[in-house]
Structure formats: C-alpha cells, structure tokens
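To start, the structure itself, in structure tokens.
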Amino acid sequence: MNNVFVQLPISHVCSIKETLDRRVWKVQLADSFPSRSKFSVLKQYSSSHTLAYQTEKTVFSTFSSQIDQNPPVPDLVRYSDSEHLLLMSWCGNQTLEDLVRNQQSVAKSNRIVSKILSAYSRLELAFSSINVAATVNNTLFDFERTSQTGFRIFNLLLTKRVQPSVLAGRWEELMKVLQQAPMTFGPLDYQAKNIVLNNQLKPYFIDFESVGWDWPARRLVQYLTSLGAGHSDGQFFSLLNRKVLAESTDKNTLRQFDGHIILFYLIMIDRIVRAVARPESGFAQILMNEWGNLKNRYYQALNQLRTIVLSDWAVTRDLRRWLS
C-alpha cells in the first residue's frame, strides 16, 4: 500500500487501499481523538457510489445506537455526507483470511469459529432493528438461478449412474429444505476477509455496503471459507466442521449448512468452468489473477465438495456418494 497524506484535522494517514468504488485509509489519530485504538479506518466513496455510502452509513448509524447490545462491528466515529466519508474505529490487524493462511491449529481454529458463530448471532440481532426501507441497496438473493446452475454443474460431475428422476428428486429435497429456512436481513458481502480479529482474536464484521435478504447458514458458509485469493499457492479451505457446529446447532440447521456448502462449491466450480471455456475473457483474466492455476482450483473445489460432511442427512450423503 502507498503512503499518502490527506488534508484532514485528524493527524496523518499511514496507508491507503484503493478499489473501484472507494478509497480506504488506515489513519493514525491524535492522542485526544476518541477511538478504541490509536488507529482508525477512513473510507471515502466516489460520487458514483453514493448508494453504497448511504447503505453503510445507515447500518453503522443504527449500530451506534445499540451500545448495550455490543454489536461485533467497528464504531462509527464520524461521517460526512458532503464528502462521502466514514471514519470508523480500528478493530484489528488481521482478517480471518489472514489467520487461515497462517495455518493455525484445528483446535485454535475451532475456538475462533465458535467465537464467530456467537458474534454472528449478535450481528443478526443488530440487523433486526434496521429500517429496511432506509437501506437503499437491499438486494434480494436470486436463489432460483443459483439452484439451476448448481444442478447443471452437479450433472456434469456425476461419476455414478443415477436415474434422472432419482437425482432430480434428491435435488428438489435439498432445495426445499434450504428454501424453507427463514431468511434474515443482513450483509451480502460475506467472505473471510470481512471478519477482522483483534489481538485477543475477538471477531468484528466489516463492510456493509451491500445488504439484503439471505439465509444465515449461507452467509456463515461463505464467511468461514477461505478462498486464498491473490496468492499463487492459495487454496479453498472451510473452517466449518461437525465438531464446532455441534456445540450450537440443531439437526435441521446442520442440514442447511451441509446443503449450502455443497451449493457453494458447485458455484465455485461453475466459475472455473466458465473461465476455462473462455480464457481470453475479462472474467477469466480476473479469476486467474485471483485464484492462480484454475486446474488446481478445480480439483481443490471438487475435493472440498466431496469431503466436507456437516450432517448425517441422507440427501447430502447420496449427492456426495454419486460424486465419489
């Protein structure tokens, strides 16, 4: 990241990360400035992304009034509608993605996942008080399209002979269970990079520019999956396992986790297949830059699809058996 200086009445800026829609600074604050640490985060949105700014400001403004509930998010310190600026407290120096890459022990990872599951419950409670109409970017997840894509890829991966009617019936059972679970209003940018850990490995959720309706199990599957993006030796890796889920999850919810993780890796494989089919496309170039060798990534995703088992449900057991 490049060192910069910004004309603001808040000491100096240490570093900057730029994306297409915003600039994000790590800011060192004056000693007298209110913050839970000596650093803070300053986000500035371009004029073409005011909707994302308004959405995130609405979310953090609501959370700021819930101090007693202790939502696991940064504090909103200041904001500027004219400059599209959000100044938030600094919560930690590593993300969950960083932790996975540093290859923590399974036992330690399970303790962290337990903390994240507990923190996510508080995040859900905090989101339940947000005025949905006031969030300008309340997207609804297109489940039907995802289901169709997943089923198409599953048929391509079959290694066992299965009657089409039997396969379609099992897939319909899976989709029915996933769809019957209640959706909640919350974040839609769920990835391991958006969970920050402090020195005591306490988790904080960040980035609420896109919010909408989705299933908690689907969010957590993706929050707790490392994509290893941006590293030549990166790998897909899920922190979810039956042991850590058994502590706080009933049988029906375990089935939802199991189904969503199958659907997640089918969608990852679909992305890889589309990129390989058109290697000169912009989509393929972006994916190769992020994931490196797509052949390796294909086999990683297929292995995760076959081997991550989160329940004893007959439906997901059959689906995995037909891929082995």
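FYI, the numbering just counts along the sequence from 1.
Two residues are said to be in side-chain contact when any heavy atoms from C-beta on lie closer than 4.5 Å; V41 and L87 fail this criterion. Using a 4.5 Å heavy-atom cutoff, the side chains of L319 and L323 are not in contact. At least one side-chain heavy atom of N155 sits under 4.5 Å from a side-chain heavy atom of L167. Counting heavy atoms from C-beta on, the side chains of R321 and R317 never come closer than 4.5 Å. At least one side-chain heavy atom of M88 sits less than 4.5 Å from a side-chain heavy atom of K43. The shortest distance between side-chain heavy atoms of L201 and Q94 falls below 4.5 Å. Within the 4.5 Å cutoff, side-chain heavy atoms of I112 are placed close to those of L96. Looking at N93 and N198, their side chains never come closer than 4.5 Å, going by heavy atoms from C-beta outward.
T55 places a side-chain N or O within 3.5 Å of a backbone atom of L51 that can act as its donor or acceptor partner. A donor-acceptor pair is defined here as one N or O able to donate and one able to accept, closer than 3.5 Å; such a pair exists between the side chain of N241 and the backbone of K243. Listed for the S118 side chain is no donor-acceptor partner under 3.5 Å among the backbone atoms of S114. Listed for the T159 side chain is a donor-acceptor partner under 3.5 Å among the backbone atoms of S324.
Placement of W215 and L125 in two distinct hydrophobic clusters is found when ILVMFWY residues are connected by side-chain heavy-atom separations under 4.5 Å, directly or transitively. Clustering ILVMFWY residues whenever any of their side-chain heavy atoms sit less than 4.5 angstrom apart, transitively, puts V309 in a cluster other than the one holding W171.
In this structure, Q300 and G234 approach most closely via the heavy-atom pair NE2-O, 3.5 Å. Of all heavy-atom pairs between P72 and A119, the closest is CG-O, 3.2 Å. Taking each heavy atom of N110 and L239 in turn, the nearest pair found is OD1-O, 4.5 Å. Across all their heavy atoms, P187 and V211 have their closest contact at CA-CG1, 4.2 Å. Closest approach of I267 and G150 over heavy atoms only: CD1-N, 4.2 Å. Residue G212 comes nearest to L188 through the heavy atom pair N-CG, 3.6 Å, listed as atom of the first residue, atom of the second, then distance.
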What pairs of donor and acceptor atoms, side-chain ones from residues 176-184 against any protein atom, are under 3.5 angstrom apart with sequence neighbours left out?
{"unit_1": "T184", "atom_1": "OG1", "unit_2": "E124", "atom_2": "OE1", "d": "3.4"}
{"unit_1": "T184", "atom_1": "OG1", "unit_2": "E124", "atom_2": "OE2", "d": "2.8"}
{"unit_1": "T184", "atom_1": "OG1", "unit_2": "R219", "atom_2": "NH1", "d": "2.8"}

For residues 277-288, dump all side-chain donor-acceptor pairs below 3.5 Å to protein atoms at least two apart in sequence or in another chain.
{"unit_1": "S281", "atom_1": "OG", "unit_2": "R278", "atom_2": "O", "d": "2.8"}
{"unit_1": "S281", "atom_1": "OG", "unit_2": "A284", "atom_2": "N", "d": "3.1"}
{"unit_1": "Q285", "atom_1": "NE2", "unit_2": "P279", "atom_2": "O", "d": "2.7"}

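Take A246 and apply the side-chain contact (heavy atoms from CB on, under 4.5 Å) test, not counting sequence neighbours, and it matches no residue. For I130, the side-chain contact (heavy atoms from CB on, under 4.5 Å) partners at least two apart in sequence or on another chain are V59, T62, F63, F127, T135, F185. Qualifying side-chain contact (heavy atoms from CB on, under 4.5 Å) partners for Q163, counting only residues two or more places apart in sequence or in other chains: S165, V166. Every residue meeting the ring pair (Phe, Tyr, Trp, His ring centres under 6.0 Å) condition with Y223, not counting sequence neighbours, appears here in chain and number order: F205. Evaluation of the side-chain contact (heavy atoms from CB on, under 4.5 Å) rule for E97 yields T95, A192, K193, S226 as partners, not counting sequence neighbours. Contacts of F60 classified as ring pair (Phe, Tyr, Trp, His ring centres under 6.0 Å), with partners at least two apart in sequence or in another chain: F208. Residues passing the ring pair (Phe, Tyr, Trp, His ring centres under 6.0 Å) test with F264: none are found, sequence neighbours excluded.
Ion pairing between a basic and an acidic side chain is recognised when a charged N comes within 4.0 Å of a carboxylate O; D318 and K160 show no such pairing.
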message: Between L227 and Q191, does the side chain to side chain contact (heavy atoms under 4.5 Å, CB included) criterion hold? Intermediate values first, please.
response: CA-CA 8 Å; L227 299 180; Q191 54 178 308; 5.5 Å; no
Check your understanding: Given the rule in the side-chain hydrogen bond (donor to acceptor under 3.5 Å, both in side chains) test, do E56 and Y45 qualify, once you have shown the distances and angles that lead to the verdict?
Key -> CA-CA 11 Å; E56 190 153 38; Y45 292 82; 2.3 Å; yes
* Asked: Could you walk me through whether S238 and I261 pass the side chain to side chain contact (heavy atoms under 4.5 Å, CB included) check?
  -> CA-CA 9 Å; S238 176; I261 207 160; 3.6 Å; yes
**Message:** Let's go through F154 and L305 carefully: what are the C-alpha distance in whole Å and the side-chain angles of both, what is the deciding distance for side chain to side chain contact (heavy atoms under 4.5 Å, CB included) to 0.1 Å, and is it a yes or a no?
**Reply:** CA-CA 10 Å; F154 190 89; L305 178 61; 5.5 Å; no
*Can you list the steps and then say if Q44 with E83 is a side chain to side chain contact (heavy atoms under 4.5 Å, CB included)?*
CA-CA 7 Å; Q44 183 175 38; E83 299 294 332; 4.0 Å; yes
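Considering CG of L76 and OG of S65, their distance stands at 11.0 Å, rounded to 0.5 Å. The CD1 atom of I272 sits 10.0 Å away from the CD1 atom of I153 when rounded to the nearest 0.5 Å. Taken from CG in D207 to CD1 in I195, the straight-line distance is 11.5 Å, to the nearest 0.5 Å. Between the CG atom of L85 and the OH atom of Y53 there is a distance of 7.5 Å, given to the nearest 0.5 Å. Rounded to the nearest 0.5 Å, atoms OG (S109) and CD1 (I116) are 9.5 Å apart. To the nearest 0.5 Å, atom CG of residue L245 and atom CG of residue L117 are 6.5 Å apart.
Sorted by first and then second residue, the side-chain hydrogen bond (donor to acceptor under 3.5 Å, both in side chains) pairs involving residues 248-271 (not counting sequence neighbours) are R152-D270, D250-T253, D258-S311, D258-T316, D258-R320, Y265-Q304, D270-R274. Among residue pairs with one or both ends in residues 294-324, none qualify as ring-ring contact (aromatic ring centres under 6.0 Å, His included); sequence neighbours excluded.
Side-chain heavy-atom separations under 4.5 angstrom define the hydrophobic clusters, and the remaining members of the one that includes V196 are I206.
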